[in-house]
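In this text the structure is predicted, and so the values were computed from the model without any measurement. Order of the sequence lines sets the chain letters (A, B, ...), proteins ahead of strands, with each chain counted from 1. The analysis underlying the following values was restricted to heavy atoms, covering all of them including side chains, and did not include hydrogens, waters or symmetry mates.
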Number of protein chains: 4
Amino acid sequence: MARSGDSIDVRVQRSKAAVLAQTYELLSAGGIGGVSIDEVSRRSGVSKTTIYRHWPSRAALLVEACSTIGSAPPVPDTGSFGGDLAALTEELAEQLRSARWAAVLPSIVDAAEREPELAGLHADLHARLMAPFGVVTERARARGELAADRRQDDVSAAVAGPLFYRRWYSREPLDSAFVRRVVEDALVRLR
Amino acid sequence: MARSGDSIDVRVQRSKAAVLAQTYELLSAGGIGGVSIDEVSRRSGVSKTTIYRHWPSRAALLVEACSTIGSAPPVPDTGSFGGDLAALTEELAEQLRSARWAAVLPSIVDAAEREPELAGLHADLHARLMAPFGVVTERARARGELAADRRQDDVSAAVAGPLFYRRWYSREPLDSAFVRRVVEDALVRLR
Amino acid sequence: MARSGDSIDVRVQRSKAAVLAQTYELLSAGGIGGVSIDEVSRRSGVSKTTIYRHWPSRAALLVEACSTIGSAPPVPDTGSFGGDLAALTEELAEQLRSARWAAVLPSIVDAAEREPELAGLHADLHARLMAPFGVVTERARARGELAADRRQDDVSAAVAGPLFYRRWYSREPLDSAFVRRVVEDALVRLR
Amino acid sequence: MARSGDSIDVRVQRSKAAVLAQTYELLSAGGIGGVSIDEVSRRSGVSKTTIYRHWPSRAALLVEACSTIGSAPPVPDTGSFGGDLAALTEELAEQLRSARWAAVLPSIVDAAEREPELAGLHADLHARLMAPFGVVTERARARGELAADRRQDDVSAAVAGPLFYRRWYSREPLDSAFVRRVVEDALVRLR
DNA sequence: CAGTAAACGAGACGGTACGTCCCGTCTTATG
DNA sequence: CATAAGACGGGACGTACCGTCTCGTTTACTG
């Protein structure tokens with residue numbers, strides 16, 4: 001063995017970075033179905049051989065390429081559950097309007113529906129995306145602003161549910177009036 | 001000329017029926033991505049040539065094959081907005097748990113995100129699926145059970161949003177306790 | 001079936017012809033090892049898919065591509081064994097000097113040595129190449145110009161052996177003096 | 001400097017020996033086409049880097065690996081040209097039947113046909129193989145058993161030609177009857 | 001009920017992607 | 001400084017589908 005335990009060959013780093021970047025690019029443009037190893041290879045200048053050296057399958061590559069997306073925005077701390085929830089929801093709405101992953105998520109959901117390998121990807125991504133709601137929820141429960149049986153998932157469903165619905169199902173603009181109402185409704189319900 | 005204006009060749013009818021049936025089958029099993037003309041041809045016994053003769057594109061075939069799914073269940077009429085909404089939501093939850101289209105919708109959402117031809121399909125399907133909420137909402141507004149500015153979409157978002165979220169995003173079981181709570185929460189706020 | 005028994009699709013004919021031509025081209029230039037399906041496809045403009053539709057393997061393609069080479073030149077009939085043999089040997093020497101297959105034969109011999117599929121090819125080619133010696137030999141035996149136990153192979157070995165040796169093993173020019181002497185030597189002994 | 005002028009690093013000697021041995025092994029088994037640097041490296045335990053350090057190309061390695069094969073058998077001295085030739089031919093036939101290089105020669109011939117670097121290898125090998133015929137021929141000419149214009153190459157062609165032909169072209173067994181006849185024929189012709 | 005035009009199946013075709021294999025070169029770290 | 005380990009780009013392999021296309025053959029309507 002010519003390599004000490006944890007240092008990583010710079011060539012490997014360079015190759016992996018280039019591949020992941022282009023994979024993410026293709027993913028953003030065409031969803032999961034739009035990512036082909038051949039095309040990634042062509043655009044990144046990294047040979048297919050090398051790609052398969054680092055990732056055993058297309059799914060594995062996708063998983064890693066997605067691992068950076070939806071990284072948690074800073075959790076707001078306004079002092080009240082209402083303020084925190086409003087800030088978080090505005091942020092989520094903004095991302096749904098503009099973030100690249102917003103166009104990709106449906107294809108991940110679809111893939112999770114039938115490819116077990118990618119179901120894990122979906123779970124990770126979802127957890128990362130929703131973690132701030134957990135923080136805010138726990139904080140509010142500690143302050144007694146929420147009923148004892150309300151958990152992160154109730155809050156997420158009450159807020160993200162309508163937003164997602166609007167973004168992908170009724171496909172109407174996520175205007176701020178709607179977002180504001182969703183927050184108000186959620187506060188009324190969850191109180 | 002061998003054909004009068006509107007009568008349709010029985011062969012055409014037979015071919016189209018067989019193709020649509022198999023398309024729907026494949027659609028249910030593998031989502032939009034799982035439908036390939038080759039496979040439809042193989043299973044239906046109708047040649048590819050003939051399929052492309054009747055539908056100009058894969059998208060067109062999908063649109064027609066989807067036109068039958070999500071057909072509106074009978075709209076309940078219990079006399080109160082609460083009763084109607086509960087019945088409707090239970091029905092929706094049941095379909096999300098078991099109906100074939102539930103596994104297909106994410107792929108349609110994804111397709112709508114990038115193929116304009118299929119965006120129309122998504123819109124149709126969504127309209128059909130949500131129509132009962134419109135009926136119930138209008139009825140409730142007429143009875144004064146709802147604020148004047150509440151429309152179908154607010155109701156849909158408040159109820160279907162959390163359900164969809166649970167079905168496809170947090171991917172937890174849609175147990176009846178959750179469904180009941182969603183209805184109650186919605187009523188609290190929309191009243 | 002849309003095609004009657006023996007007629008052949010013109011497209012098939014065109015494709016096969018183009019592929020065989022380019023295969024032969026590559027074969028001449030680089031021997032058996034110089035033929036790759038990818039390159040044949042590239043040069044002939046016929047897709048790899050189509051090539052594999054018509055030939056199950058690289059070996060099968062090579063076999064067919066070689067089937068036209070070494071086609072028997074007209075068998076001379078000078079009236080005497082000596083005259084026939086001289087003409088035949090001159091012709092063989094000329095081909096060894098210039099014919100494209102002369103540069104290819106060693107690679108076929110080599111392939112025959114280890115790939116059974118190609119051993120058949122070698123046998124066919126060899127039979128075709130040496131057939132004229134058989135004709136001439138039989139004719140001479142009928143006329144009593146040859147001992148009763150002399151067969152085609154003795155004649156071939158006595159004449160082609162030295163020629164081949166010179167062409168591929170000592171690698172000296174096949175000048176006409178050498179050819180003449182080979183014929184004379186053969187006649188001395190075989191008479 | 002750690003090393004004096006002409007002594008050779010023991011590591012170098014060990015590496016080269018291991019590489020040459022394995023190269024010869026592969027050569028015997030699969031001909032020239034069967035030798036790959038990767039495989040040599042794998043089997044010999046010597047890294048590819050090291051191999052390419054010692055030999056500039058695959059051809060150079062092959063040349064050196066072949067330099068030991070076909071080493072001249074002891075030249076017989078029976079007292080007569082006939083006896084010598086018979087002994088030499090029997091020996092050659094025996095090698096063609098069993099020696100490892102017999103399966104390799106066609107691939108060398110083929111390589112010589114198109115790679116100049118390997119043409120030299122072929123020439124060396126051929127010279128080594130045929131040298132005994134030269135010795136015997138000169139001896140016979142000195143004794144007056146051969147016409148003055150007969151040289152080694154005439155003898156080689158007359159004897160090795162038919163043998164090679166039989167071994168690689170007609171691909172029939174090199175039985176001793178055939179070998180005996182070849183010798184007799186050669187003696188008749190060359191006398 | 002015969003003729004004809006349409007519908008039809010078979011399948012050839014050029015593409016593109018797949019995942020694997022092996023090549024020869026090049027880089028890095030070790031001894 | 002020779003070496004082992006192995007990353008790298010290149011390219012061929014044979015397979016699977018894709019959607020387009022060109023055929024020759026039914027087959028159902030129509031005059």
Between A:Gly45 and B:Pro56, whichever has its closest DNA chain F nucleotide further toward 5' is A:Gly45

Which residue lies more 5' along DNA chain F, comparing A:Arg53 with B:Ile37 via nearest heavy atoms: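 Its nearest nucleotide being more 5', the pick is A:Arg53.
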
Indicate, yes or no, whether a donor-acceptor pair under 3.5 Å links the base of F:dG10 to the side chain of A:Thr49.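 Such a pair exists between side chain and base.
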
- Message: For a quick check, tell me whether the side chain of A:Lys48 and the base of F:dG9 share a donor-acceptor pair closer than 3.5 Å.
- Response: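 No pair found.
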
| Basic-acidic side-chain contact under 4.0 Å: A:Glu39, A:Lys48 |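 No, A:Glu39 and A:Lys48 are not salt-bridged.
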
For this session: Inspect the contact between A:Arg171 and B:Glu113 and indicate whether a charged nitrogen and a carboxylate oxygen are less than 4.0 angstrom apart.
Result: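 Yes, B:Glu113 and A:Arg171 are salt-bridged.
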
Nearest whole angstrom, please: distance from the [atom2] of [N] to the [atom1] of [X].
| X | N | atom1 | atom2 | value |
| --- | --- | --- | --- | --- |
| A:Leu61 | E:dA17 | CG | P | 15 Å |
| C:Asp38 | E:dC22 | CG | C1' | 14 Å |
| D:Tyr52 | F:dG6 | OH | P | 19 Å |
| C:Asp9 | F:dC21 | CG | P | 16 Å |
| B:Ile51 | F:dC17 | CD1 | P | 15 Å |
| C:Arg58 | F:dG14 | CZ | P | 8 Å |
| B:Trp55 | E:dA7 | CH2 | P | 13 Å |
| A:Arg11 | F:dG6 | CZ | P | 11 Å |

| C:Pro106 and D:Val109: which non-hydrogen atoms are nearest, and at how many Å? |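 What the structure gives for the nearest pair is CB-CG1, 3.7 Å.
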
Would one find a side-chain N or O of [X] under 4.0 angstrom from OP1 or OP2 of [N]?
| X | N | value |
| --- | --- | --- |
| C:Arg42 | F:dA12 | yes |
| B:Arg14 | E:dC8 | no |
| D:His54 | F:dT3 | yes |
| C:Ser15 | E:dC13 | yes |
| A:Thr50 | F:dG9 | yes |

Rounding to 0.5 Å, atoms OH (A:Tyr24) and CH2 (A:Trp101) come to a distance of 9.5 Å

### Message
Let's go through C:Arg58 and C:Glu117 carefully: what are the C-alpha distance in whole Å and the side-chain angles of both, what is the deciding distance for salt bridge (charged side-chain N to carboxylate O under 4.0 Å, His left out) to 0.1 Å, and is it a yes or a no?
### Response
CA-CA 10 Å; C:Arg58 181 169 158 281; C:Glu117 244 189 304; over 6 Å; no

By nearest-heavy-atom nucleotide on DNA chain E, the more 5' of A:Val35 and D:Glu39 is A:Val35

Side-chain atoms of B:Ser47 come closest, of F:dC13, E:dC8, E:dC13, to E:dC8

